[in-house]
Amino acid sequence: MKTKFYFYYFFIFLSSGVLFSFINALSQKNDNIYKILGWDEHYSQSPNIQNCFEGVLKDSEKAEILNYINFIRSIHGLKPVQYDLNGDIYAQKSSLIMAANSALSHQPPASWSCYSNDGYYGADNSNLHLNRSTSNTLNPKSIESIIGWMIDDKSGNAPDRCGHRRAIINPFLTSIAFGRVDGKSNVDNYYCSGMSLLYLDRVNGGIQDRPVEFVAYPFQNYPIELVNKSWYLSFSPIYDMNSWGRNNKVDYSNAQVTVTDDNGNKLNVHSYVYDAEGWGAIHNNFRWLVDGMQNEVRYNVNIKGIVVNGQPKEYNYWFKLTTNVMGLKPNTPILSYPADGATNMPFNLAFSWSISEFTYKYRFQLSKNPDMSKPIKDEASISNGFIVNGLEQLTTYYWRVKAINDVGESEWTPIRSFTTAAPKPDKPELVYPPNESTEISITPTLVWRLIPSAEEYQIQVSLKSDFSGFSVIVDSFTPDTTYTVPFEKFDPKTTYYWRVRSKAGGQNSTWSSTWKFQTKQPDPVPDVATLNEPKLNEINVKLNTKFVWTKVDYATQYRLQISKTSLFPQSDIVLNKIIDTNEYQLMGNEMLQPKTKYFWRVQSLGESGFSNWSSTFSFTTEEGQKVTNYLINNLVELFPNPTEEFLILTFKYPEVITNVKIIDVFGKNVMALDNINGDSFKISLTGISSGLYFVKVTTPKGIIIEKFIKK
C-alpha cells in the first residue's frame, strides 16, 4: 500500500490594488521581478511560471538542503544521504506544477497548468510543500520545508501519519533531490513557493554497515525548531537491516509509553495511533501525544508491549529539546580531492572531503606555505566541498579542513599538498584539407599550424560532427604538425570531420575548429618505378650519392631500400626510407662505406596501395674521400635576419657541404641549393610568404639548422 501526504502553508496578507498593478506590469520582465522580490538568491536561472519554465536552483541551495538533512540524520545515528543530480529535473518540474496551480497533489491531473510527465513523476515520489500569499514579499528559506516536514502537523490529507518526517529519517534512504519554484500562480492571484523533496525511489539501501535498533523522534539532544510540543512523537523499531520493506511485522496493540523527567515526574501520554503502511518510509510507526513538555529538560522514554517479528520488546531512550544540540565535538573530516601530492591540477579547482557527523559547517584553509601560515583562503562552508578559482600556474599549494558545531571544533585534517599545471597551450589552426573541400585523397596528409609550446598534438577524425560514440575512426598523437591517414582507414566518397588540440605540461588546449572534407574515388595503384642513378653496375659511386628514379603517376610517396646483398634481408638493409619525391640525397649520417658493393630498389606508394618492387640495381662505391677536419659549429651565417627580399648565406667550409635546403615550419621544402662551390650565396626570397623559415645544411658530420624570419 502506498499512501501519499502533502504539506502546505497559507500566508494571507492583504495587498493594495496599486501593488498588484505594479507587479503585473513587471511580469513582462521576469528576471527583474526575481531580483526585486529577492527570489533570485535561490537560482542560477530564475523560473518563469507564466512560460512554464522551472528555473535552475543554485548549487549552494541544494547543498544547504543536503547538509541540513544529514545534520538531522546524524542526530538519529543514521547514515548520511547523497545528492542525486539526476533527480533535479523531476523535483524542479514537480515544484513548478504546484506553484503554477497554487495547489498540491501527488498525482496532478494532465489538465493542470505546466503539467509534464517528469513533473508527475516528481510529485508522485516526493514530499510536497507549498507556501502561498497574496503579498509579493513571500520568500521563505528552503530549509523551512524541511522544518515543516519534520514537525509534520499540517499534512493536507493524512494529518496524523507524520509521513514526511518518516521519509527524512528513514534509515534506508540513500539519496535525495530538491526542487523549488517561486512566482505568481497561473490560476489565481497567489504568490507561491512550491518545493519538492524527491526520495521515494531512493530507499533501496541496506544498513548492515550501520544498523540501528529503532528510529525515535525526537531523539537525544534535539533542535527545538524541529518539534511542536503539542503534536505527535513517533517511533519505529527496525529488525531487518537489508530492506526497508521487510520491517512490517510489528504489533502495537498492547504498547504502552511512559515519559518521565530526570526527577521521575511522569508526563501525561495519550492518543496512540500506529500503522504499517508501505508508502516510502519504514513499514511501521507508532505515535503519541505528550502534555507539558518543556525546552531544555531531559525526558526518558520507556516503551513496553511491542511485539517485533514475533518477539516481545521493550525500548528505552531519552531526548531533550535544546539549543545546544550536538553535545559532542564533530569528527575530523577525511580529505578526498585533490589527492596528496597531486600534480597538473587545474587553475579552477573543486576541493572535497568526507561528511563529518555532528557538523553544520566546515572551515577550509589554503596556503602556499607548508605550515599553513598566511593562508590565501580561510573560509567557512556549509557543505563538504569548496571551489577556488584563479590558482597560479606551476605552484604548490597546501590545504586542510576542520568541522565545526555548537559545542566546538574538530582537529584539523592532516595537511595535503598539490601542484597546479602549466598554462594550457594555444589551440591549433587547421590548414589542410581546407574546410568543406571535396575530391580529397583517401590517404590525405592532414596539416595544422605549429604551436611553439606544444609537446605533441592529438588528432581526431570522425564520421560525425560531434565526435560522439564510435564515430571517431582516428584518435592519434603526434609531435609533428602533420598526420598521414593510413591505408584502408577512409572510404571513398565519404564526408569526414577532423580537429586537433595541442598538449604541453600535462595540459590540453581546447579543440581547434572542426573542419570537414569529402574523399574522392581513389586513384589506381601506381606502376613500378624505373631506376636511373646510380646506374646498374656503376663503379666509383660517391659515398653520399644521390638516388634518382622515374616519377610514377598516382604515386604519392616512394620507399627506397639499400642493402649489402641482393635479397634485401633485414640484417643487410642499410637504408629503408619513405620519400616524397623521386630522388634522394644521402645525408651525412647515411654515407656509405668506401669500396663496397650495394644493391638498391624502389617501391611506388599511392592512396590505393603500393606497386611491386622495381628492378634491383647494384653499384660499387669509390675508394673514399678525405674529409676536412672542420668544426660543425658556426659553419653557416645568415644575413640580414630578419630579412625582406634576399638572404646571404656565408659558409666557413663550403667543400664539406652536401646540400642546402630552405624549409618552412611544417618541414616542407621551399628551396634547394645544390653544388655549393663558393663560400657565399645570395638567395632571392621573392614569392616566399612572410613567416618563420629554416636553413638546413647537410654535412658528413651531421645536419645544421639555422632559422630566419621573412618579413
Side-chain angles (χ1 to χ4, degrees), residues 59-83 141-151 165 168-171 173 175-176 178 197 207 209-210 212 215-227 229 262 294-299 317-337 350-366 372 375 377-387 399-416:
D59 289 343
S60 58
E61 200 80 7
K62 303 172 191 176
E64 184 178 17
I65 291 295
L66 177 67
N67 208 52
Y68 194 56
I69 287 177
N70 281 333
F71 158 67
I72 294 170
R73 290 176 64 87
S74 71
I75 299 172
H76 291 269
L78 306 179
K79 291 196 299 185
V81 296
Q82 303 296 319
Y83 195 94
K141 295 292 184 182
S142 291
I143 63 169
E144 289 184 20
S145 64
I146 307 300
I147 295 171
W149 287 322
M150 287 300 297
I151 295 173
R165 174 198 308 166
I168 293 171
I169 55 176
N170 180 357
L173 184 65
S175 62
I176 55 97
F178 181 76
L197 182 72
I207 59 171
D209 56 336
R210 190 181 297 184
V212 292
V215 178
Y217 163 92
F219 185 67
Q220 298 188 1
N221 288 322
Y222 215 73
I224 291 173
E225 67 271 15
L226 295 182
V227 179
K229 291 188 287 293
D262 281 345
Q294 302 295 318
N295 294 336
E296 305 297 344
V297 175
R298 172 173 166 143
Y299 295 102
Y317 64 92
W318 63 272
F319 69 86
K320 180 167 75 171
L321 308 183
T322 179
T323 57
N324 185 12
V325 173
M326 297 302 181
L328 295 172
K329 289 183 179 180
N331 300 321
T332 302
I334 299 173
L335 304 184
S336 54
Y337 186 84
F351 297 81
S352 63
W353 51 89
S354 66
I355 297 172
S356 180
E357 292 188 301
F358 315 116
T359 300
Y360 67 83
K361 69 178 178 179
Y362 303 88
R363 184 178 173 190
F364 168 86
Q365 282 190 342
L366 179 70
M372 298 304 298
K377 289 288 182 183
D378 191 349
E379 306 282 350
S381 173
I382 63 170
S383 64
N384 61 320
F386 194 82
I387 297 175
W399 67 293
R400 63 183 180 179
V401 175
K402 68 165 56 175
I404 300 170
N405 66 21
D406 289 331
V407 175
E409 302 178 351
S410 73
E411 299 296 325
W412 285 107
T413 61
I415 297 169
R416 278 191 178 183

Check: Tyr83 and Ile176 side chains under 4.5 Å, non-hydrogen atoms:
yes
For the side chain of Asn384 and the backbone of Ser354, is there at least one donor-acceptor N/O pair under 3.5 Å apart?
no
For Pro223, what residues pass the side chain to side chain contact (heavy atoms under 4.5 Å, CB included) criterion, not counting sequence neighbours?
Phe71, Ile75, Glu225, Leu226, Val325
Chi angles and distances behind the side-chain contact (heavy atoms from CB on, under 4.5 Å) call for Ile168, Trp149
CA-CA 8 Å; Ile168 293 171; Trp149 287 322; 3.8 Å; yes
Would you say the side-chain atoms of Ser381 pair up with the backbone N or O of Tyr362, donor to acceptor, closer than 3.5 Å?
no
Write down the atom of Ile169, the atom of Val215, and the distance for their closest heavy-atom approach.
O-CG1, 3.6 Å
For the atom pair CG (Leu197) and OG (Ser142), what is the distance rounded to the nearest 0.5 Å?
11.5 Å
Sequence-distant partners of Lys320, salt bridge (Lys or Arg N to Asp or Glu O under 4.0 Å), two or more places apart
none
Got a sec: does the CG of Asp59 have more than 12 other heavy atoms crowding it under 6.0 Å?
no
Gap between atom CD of Gln82 and atom CG of Leu173 - 0.5 Å precision:
11.0 Å
Has Thr322 got a side-chain atom pairing as donor or acceptor with Asn221's backbone, closer than 3.5 angstrom?
no
Distance col, row Lys402:NZ vs Glu409:CD, nearest 0.5 angstrom, shows 4.0 Å
Sorted by chain and number, sequence neighbours left out, ring-ring contact (aromatic ring centres under 6.0 Å, His included) with Phe351 holds for Phe364, Trp399, Phe418
Of the non-hydrogen atoms in Arg165 and Ile151, which two are nearest, and what is the gap between them?
NH2-O, 3.0 Å
For Arg400 and Arg363, indicate whether the former's side chain and the latter's backbone hold a donor-acceptor pair under 3.5 Å.
no
Check whether any side-chain N or O of Asn70 sits under 3.5 Å from a backbone N or O of Val81 as a donor-acceptor pair, and report yes or no.
yes
Nearest 0.5 Å, please: how far is CD1 in Ile143 from CD in Glu61?
9.5 Å
Give the minimum heavy-atom separation between Ile146 and Tyr68, together with the two atoms involved.
CG2-CD2, 3.7 Å
Rounded to the nearest 0.5 Å, the NE2 atom of His76 sits from the CZ atom of Phe219 at a distance of 8.0 Å
Are any of the side-chain heavy atoms of Leu66 and Lys62 separated by less than 4.5 Å?
no
Heavy-atom count around Ile224 CD1 within 6.0 Å, excluding the residue itself: above 12?
yes
Measure the spacing between CG of Asp262 and OH of Tyr299 and express it to the nearest 0.5 Å.
10.0 Å
For Gly77 versus Val212, what's the shortest heavy-atom pair and its separation?
O-CG1, 3.8 Å
Return the set of residues passing salt bridge (Lys or Arg N to Asp or Glu O under 4.0 Å) with Arg416 (not counting sequence neighbours), or none when no residue passes.
none
For Tyr317 and Pro218, work out which heavy atoms get closest and say how close.
CE1-O, 3.7 Å
Decide yes or no for Trp412 and Gln365: does some side-chain heavy atom of the first lie under 4.5 Å from some side-chain heavy atom of the second?
yes
Got a sec, which residues hit salt bridge (Lys or Arg N to Asp or Glu O under 4.0 Å) with Lys141, two or more places apart in sequence or on another chain?
Glu41
When the ring centroid of Tyr217 is compared with that of Tyr222, is the distance short of 6.0 Å?
yes
For a quick test of reading the model, state the closest non-hydrogen atom pair linking Tyr337 to Ala350 and the distance between them.
CD2-O, 3.3 Å
How would you list, by chain and number, every residue that makes a ring-ring contact (aromatic ring centres under 6.0 Å, His included) with Phe178, sequence neighbours excluded?
none
